[in-house]
Student: 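If you scroll down you'll find the structure; I have some questions about it.
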Amino acid sequence: MAFSKLFGSALVLAQLASSNHVQVEERAETAHSEPFYPSPWMNPKAIGWEDAYVKAKDFVSQMTLLEKVNLTTGVGWQSEQCVGQVGSVPRLGLRGLCLQDSPLGVRFADYVSAFPSGQTVAASFDRSLMYQRGKAMGQEHKDKGVNVMLGPSAGPLGRHPEGGRNWEGFAADPWLTGIGLAETVKGIQDTGVIACAKHFIVNEQEHFRQGGPNVSDAISSNVDDKTMHELYLWPFVDAVRAGVGSFMCSYNQVNNSYACQNSKLLNGILKSELGFQGFVMSDWAAQHSGASSAVAGLDMTMPGDVAFNDGKSYWGTNLTLAVINGTIPEYRLDDMAMRIMAAFFKTGNVIEQPQINFDSWTKDTNGPMHYYAKEGEQQINWHVNVQRDHRNLIRDVAAKSTVLLKNENNALPLKSPKFLAVIGEDAGPNPKGPNGCSDRGCDDGTLAMGWGSGTADFPYLVTPLDALTMKTADDGTRLEHVIDNYAWDSTKTLVSQADVTALVFVNADSGEGYITVDGNEGDRNNLTLWGSGDELIKNVSSLCNNTIVVIHSTGPTVVTEWYDSPNVTAILWAGLPGQESGRSIVDVLYGKVNPAARTPFTWGAKREDYGTDIIYEPNNGAGAPQQDFTEGVMIDYRYFDYKNITPIFEFGFGLSYTTFEYSNIKVEKSGAGEYNPTTGSTTEAPTFGNFSTDLTDYAFPSESFPYIPYYIYPYLNTTSSAAEASQDPDYGQTAADPLPRPAPAASDEPGGNRQLWDVMQTVTATVTNTGSLVGDEVPQLYVALGGPSDPPVQLRGFDRMRIEPGQSAEFRATLTRRDLSNWDVASQNWVISDHPKTVYVGPSSRKLVLSAPLEL
Ligand code: NOJ
């Protein structure tokens, strides 16, 4: 099997340079993904995994075949307490591992916190806040008995501004997302909970992610190898390097091969090139085959059943049979179990685990342990309060992630205003309560998280109106509100009065595709504000010359028609702030927190300016819709820069109540040596233990426990013949070959060749606070790699620094070999091109006030 095949080679996406335009040839034939077998087995010497390997080996060596299968296969949807749970190994004292959403808190649980979204914390450009948020979420999962937290997310990355789940991840930039992912992983795993990097990969839209009513298969994201490495894979590399214990493969196909059985992706890129040592679980019902997915590198199937509650599984019984009859080699099952247990031990766990003290399916104290089967009546909820003092962190993160997009006439911060008119439904409560819509599947009242599985129940929600009311009551300010976007007469009466400052709250929502809200099937249908928000702003600002707009949203909206009105004096983007929404916006409005956050995506003047779009309608007849990523690496600001399109607010932009100046850029070359491709090969695959081929050894042990309907077991239903295993023809004989394999040139440690992290350059600059208030500044470093198919600039560094008025501070950032390299498709390795390179430093992607050539 060739190791250096192009990824999706039939998709001719050679990027041809022309004057100021990336041309990518159209799909010449149907994109396909090259095979990559066998599935790599764990490396006992992988850095950071050595102890975990030893402990896992000791444990797995004691396991029977049935127990190993039980560890890899979910017990079925709603068969136990967590959204995903694998079978237990009672003989060795291990209870079933609990896998629980979400990337912003513990889903389906009481007495938990609702954190700001990933996209929101990305705007803080603050590594420490990203870490602290991850750690706090990890603690809450831990305290509830969760073993694997199903987050953070870096897929979608944000190819489409309308992408329904962009808010669950971080930024429309791989470098910032990579930092967000890595810091969150470290935070979560420092609490003993295994993090899960998802959704792997190019899961950029909700429409057709699982097929659809009129199409046979899930959408195929057709991506070339260079784009994959330089853009979509990038943040996942950072997660692997940070030691992430698990990955979730996505619903979509990648180059017409399902992500959960795409051997090039799982075996080739993730486990071989990146040396990922943890386990890969399927997204829920994203598995489409038994043996094929096993040999392609899938390690755990979730939630275990083929379709929710059908009582069938590709694995479970079928995996047991497939190993016994040799369809799946023993080393592969052993490797699955090793990877799961190694992730478990790596995060500091011991076999005896605290009990799971909540139930995803009901808040009743007592009820059926096996919810779907309605069996096993007992206590299932202990109502443990796990919030600690996380409310303070949540408030702090949300305030420090609020982006000040416009501020004229010193409209902000507010200084004892005489009269505030609070306008807009987004200022107030959902009449049904903050959790009134299941999985937040509505947009009523203030928007503090999107919808779908990426949610947690609010323990309470401080609305902007609540917090402003308390503040104005303390200050003796008059406050009146109209929180009905369509009550124009009342609004008009209010905002036409003398001395009024109008605070208009608006939003735009999105979420996961299984819920449709106001006609939006996950992805947004457009980039306008919801509830006629744009009209509301225009109407209010036509009467009030001090109109301050606060936007809660899951991404950019088109603000073209009103943003530059002189009567719109200030605009804030507050993202999805979580439970402390109101208090955090008050902190910013009144200057308790001096804003410094930066927009983690571009605000275009019109939708078409982004150059990409969701596929809303089938485009391949009844076959899988085909989404060709013809723009290559040019998404978001890279595309705007490349096409010379002026955005309204560029990526990385955000104001402060004080001002900063930049000076004195210096670039210093480090003495990094030559880059050496990794050579050599892996060892032969080990196996851990033997198994019997006597089928009676695998029968259901009806004496020891009762059969639960719909529950997925590893046992055989019949012991008559091993031939009943599904002989899956979809993979070649190489799948079974456990011999040493050549190591990819770009591989080495978890994350890749260690020399990719050699520091090549150190860049410093002076940042001075030239205003009169203390404030944070976010200097950003961008590089131009200089090639015709490189983005004009790409983010490669940032810091968030507190600077006193009149004082200066030194911004310092390093550039690694990886930061300066391109992915070379031919050599399947990273190379630094000969094109002249430039480094830039400034306060946003378009205010690059300092620059210097890079001497390599
Ligand atoms: C499907 C979603 O895509 C995924 O993010 C989530 O973790 C699982 N469902 C489990 O709820």
Side-chain angles (χ1 to χ4, degrees), residues 74-86 97-109 117-119 137 141 146-157 163-170 181 184 188 193-211 218-219 221 236 239 244-253 258-260 279-288 300-309 358-361 371-372 438-441 449-457 510-515 521-523 554:
V75 296
W77 181 243
Q78 297 184 323
S79 280
E80 296 270 1
Q81 291 156 283
C82 302
V83 297
Q85 215 161 315
V86 293
L97 301 180
C98 164
L99 288 64
Q100 192 72 9
D101 293 309
S102 76
L104 62 62
V106 188
R107 185 184 180 207
F108 291 149
S117 72
Q119 187 185 51
M137 295 191 301
H141 279 85
V146 174
N147 301 100
V148 184
M149 171 175 154
L150 301 174
S153 169
L157 182 67
R165 302 182 75 181
N166 292 354
W167 56 276
E168 290 188 46
F170 296 89
L181 211 62
T184 308
I188 294 167
V193 171
I194 301 169
C196 174
K198 73 184 189 183
H199 307 84
F200 193 68
I201 193 170
V202 285
N203 183 183
E204 292 294 318
Q205 67 168 60
E206 291 303 289
H207 282 76
F208 307 115
R209 66 174 186 161
Q210 291 170 286
I219 190 168
S221 297
F236 287 111
V244 71
S246 71
F247 261 64
M248 185 191 293
C249 49
S250 51
Y251 285 121
N252 55 289
Q253 303 191 71
Y258 276 104
C260 290
F279 64 97
V280 180
M281 73 181 78
S282 68
D283 200 340
W284 269 233
Q287 189 189 24
H288 293 271
M300 183 186 278
T301 174
M302 276 294 144
D305 29 25
V306 171
F308 288 8
N309 306 126
F358 73 104
D359 190 279
S360 300
W361 321 115
Y371 184 81
Y372 192 73
S438 159
D439 279 339
R440 309 299 83 74
M449 64 175 75
W451 75 74
S453 64
T455 54
D457 283 358
S510 70
E512 195 176 348
Y514 69 91
I515 300 176
E521 297 170 22
D523 307 310
T554 56

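Computed from a prediction, not measured in an experiment: that's the story for all the values here. Read the numbers this way: they start at 1 and go in the same order the structure lists the ligands and their atoms.
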Student: Taking C-beta and beyond as the side chain, do Cys82 and Phe358 meet within less than 4.5 Å on heavy atoms?
Tutor: yes
Student: Considering only heavy atoms of Ser453, which atoms of ligand 1 have at least one such atom less than 4.0 Å away?
Tutor: 2 (C), 4 (C), 5 (O), 6 (C), 11 (O)
Student: I need the atoms of ligand 1 closer than 4.0 Å to a non-hydrogen atom of Arg209, numbered in the order shown.
Tutor: 3 (O)
Student: What is the distance from atom OG of Ser102 to atom CG of Leu150, rounded to the nearest 0.5 Å?
Tutor: 8.5 Å
Student: Is Asp101 salt-bridged to Lys198, going by a charged N under 4.0 Å from an acidic O?
Tutor: yes
Student: Looking only at N/O atoms, are Arg107 and ligand 1 under 3.5 Å apart anywhere?
Tutor: yes
Student: Which one holds for Met302 and ligand 1: side chain close, backbone close, both close, or neither close, with close meaning a heavy atom under 4.0 Å?
Tutor: neither
Student: Which ligand 1 atoms does His199 reach within 4.0 Å, using its non-hydrogen atoms?
Tutor: 3 (O), 4 (C), 5 (O)
Student: Please list, in number order, the atoms of ligand 1 under 4.0 Å from a heavy atom of Tyr251.
Tutor: 1 (C), 3 (O)
Student: Set out, in order, the CA-CA distance, both residues' side-chain angles and the distance that settles side chain to side chain contact (heavy atoms under 4.5 Å, CB included) for Phe108 and Gln81, then state yes or no.
Tutor: CA-CA 10 Å; Phe108 291 149; Gln81 291 156 283; over 6 Å; no
Student: With heavy-atom distances below 4.5 Å as the criterion, would you say the side chains of Met248 and Trp284 are in contact?
Tutor: yes
Student: Looking at Trp451 versus Trp167, is the centre-to-centre ring distance below 6.0 Å?
Tutor: no
Student: Under the criterion side chain to side chain contact (heavy atoms under 4.5 Å, CB included), I'd like the reasoning laid out for Asp439 against Glu512: C-alpha separation, chi angles, the key distance, then a yes or no.
Tutor: CA-CA 10 Å; Asp439 279 339; Glu512 195 176 348; over 6 Å; no
Student: Using a 4.0 Å heavy-atom threshold (strictly under), name the region of Gln100 that reaches ligand 1: side chain, backbone, both or neither.
Tutor: neither
Student: Which residue from Leu150, Val148, Asp101 reaches closest to atom 6 (C) of ligand 1 through any of its heavy atoms?
Tutor: Asp101
Student: By number and element, which atoms of ligand 1 are closer than 4.0 Å to a non-hydrogen atom of Lys198?
Tutor: 4 (C), 5 (O), 6 (C), 7 (O)
Student: Quickly, which of Ser510, Ser453, Ser153 forms a side chain to side chain donor-acceptor pair (under 3.5 Å) with Arg165? Name it, please.
Tutor: Ser453
Student: Considering heavy atoms of the protein only, find what lies nearest to atom 4 (C) of ligand 1 and give residue, atom and distance to 0.1 Å.
Tutor: Asp283 OD1, 3.3 Å
Student: Compute the minimum heavy-atom distance from Glu168 to ligand 1 and say whether it is under 4.0 Å.
Tutor: no
